[in-house]
Amino acid sequence: MVLDAVELLEQRFAEELTGVQFAVEDVPPALNVYDADVLEDGDVPIARLLPGHPGTDGAPPRIVLYRRPLELRAVDREDLADLVKDVIVEQVANLLGLDPEDVDPE
């Protein structure tokens, strides 16, 4: 689902998304406080944007989705696919400094 959503966005933002890593982890790390880079639903993180560090040996930007919290919010597989796409659009918009509607007008 993540690859499908990313593939659609890469068609429009190929240059901007070059080098961006997309990952899925089962659950978010146990932290007492989450920074603004974390997308939450209620108090549970569902994704995180790690903007990376510019430069040749800096870490690339990375968008991490948390599988279990996303699965728990979806009523079925189709709903999960829509949710994954929405979360990726939101995180890509944050990374690029755009409005989510400009990233995916659907």
Side-chain angles (χ1 to χ4, degrees):
M1 290 178 195
V2 171
L3 293 176
D4 290 341
V6 170
E7 185 178 319
L8 292 172
L9 293 178
E10 283 180 335
Q11 293 173 10
R12 294 189 61 210
F13 298 99
E15 185 175 322
E16 294 88 345
L17 295 178
T18 298
V20 175
Q21 296 178 347
F22 293 86
V24 177
E25 295 180 6
D26 281 338
V27 294
L31 299 174
N32 291 335
V33 177
Y34 291 100
D35 294 330
D37 64 347
V38 175
L39 180 61
E40 295 179 287
D41 181 15
D43 290 333
V44 179
I46 56 176
R48 183 173 191 180
L49 167 63
L50 303 164
H53 306 286
T56 55
D57 35 338
R62 182 178 171 129
I63 295 173
V64 180
L65 279 73
Y66 299 117
R67 183 181 62 83
R68 297 285 296 146
L70 289 167
E71 288 176 340
L72 291 172
R73 280 157 185 73
V75 294
D76 57 24
R77 190 161 175 78
E78 184 178 326
D79 188 41
L80 179 59
D82 290 341
L83 181 57
V84 165
K85 181 183 175 208
D86 290 345
V87 168
I88 289 175
V89 165
E90 178 87 20
Q91 294 298 67
V92 167
N94 288 339
L95 177 66
L96 302 179
L98 299 172
D99 195 69
E101 288 79 28
D102 294 334
V103 172
D104 183 35
E106 291 181 18

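For the single chain, residues carry numbers from 1 onward in sequence order.
- Scanning for salt bridge (Lys or Arg N to Asp or Glu O under 4.0 Å) contacts around Glu10 gives an empty result, with sequence neighbours left out.
- Residues that satisfy the salt bridge (Lys or Arg N to Asp or Glu O under 4.0 Å) test with Asp76, not counting sequence neighbours, are absent from this structure.
- Within the structure, salt bridge (charged side-chain N to carboxylate O under 4.0 Å, His left out) contacts touching residues 91-104 (residues at least two apart or in different chains) are Lys85-Asp104.
- Residues Val89 and Leu80 share a hydrophobic cluster, clusters being chains of Ile/Leu/Val/Met/Phe/Trp/Tyr side chains in contact below 4.5 Å.
- Gln91 and Arg48 get closest at one heavy-atom pair: NE2-C, 3.3 Å.
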Residues 63-71, side-chain donor-acceptor partners within the protein, below 3.5 Å, at least two apart:
residue : atom : partner : partner atom : Å
Arg67   : NE   : Asp26   : OD1          : 2.8
Arg67   : NH1  : Glu71   : OE1          : 2.8
Arg67   : NH1  : Glu71   : OE2          : 3.1
Arg67   : NH2  : Asp26   : OD1          : 2.9

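- Leu8 and Val24 fall into different hydrophobic clusters, where Ile, Leu, Val, Met, Phe, Trp and Tyr side chains are chained together by heavy-atom contacts under 4.5 Å.
- Annotation: Gln11, atom CD; neighbour count of heavy atoms from other residues, nucleotides and ligands within 6.0 Å is above 12.
- Considering CG of Asp4 and CG of Leu9, their distance stands at 11.5 Å, rounded to 0.5 Å.
- Heavy atoms only, all atoms of each residue included: Pro100 and Glu90 are closest at CG-OE1, 3.7 Å.
- Every pair tested for side-chain hydrogen bond (donor to acceptor under 3.5 Å, both in side chains) that includes a residue from residues 12-23 fails, sequence neighbours excluded, so the list is empty.
- Minimum heavy-atom separation, Leu95 to Pro61: CD1-CB, 3.9 Å.
- At least one side-chain heavy atom of Leu98 sits under 4.5 Å from a side-chain heavy atom of Phe13.
- The hydrophobic clustering, which links ILVMFWY residues whose side-chain heavy atoms are closer than 4.5 Å, places Leu96 and Val6 together.
- Expressed to the nearest 0.5 Å, how far CZ of Arg73 lies from CG of Leu83 amounts to 8.0 Å.
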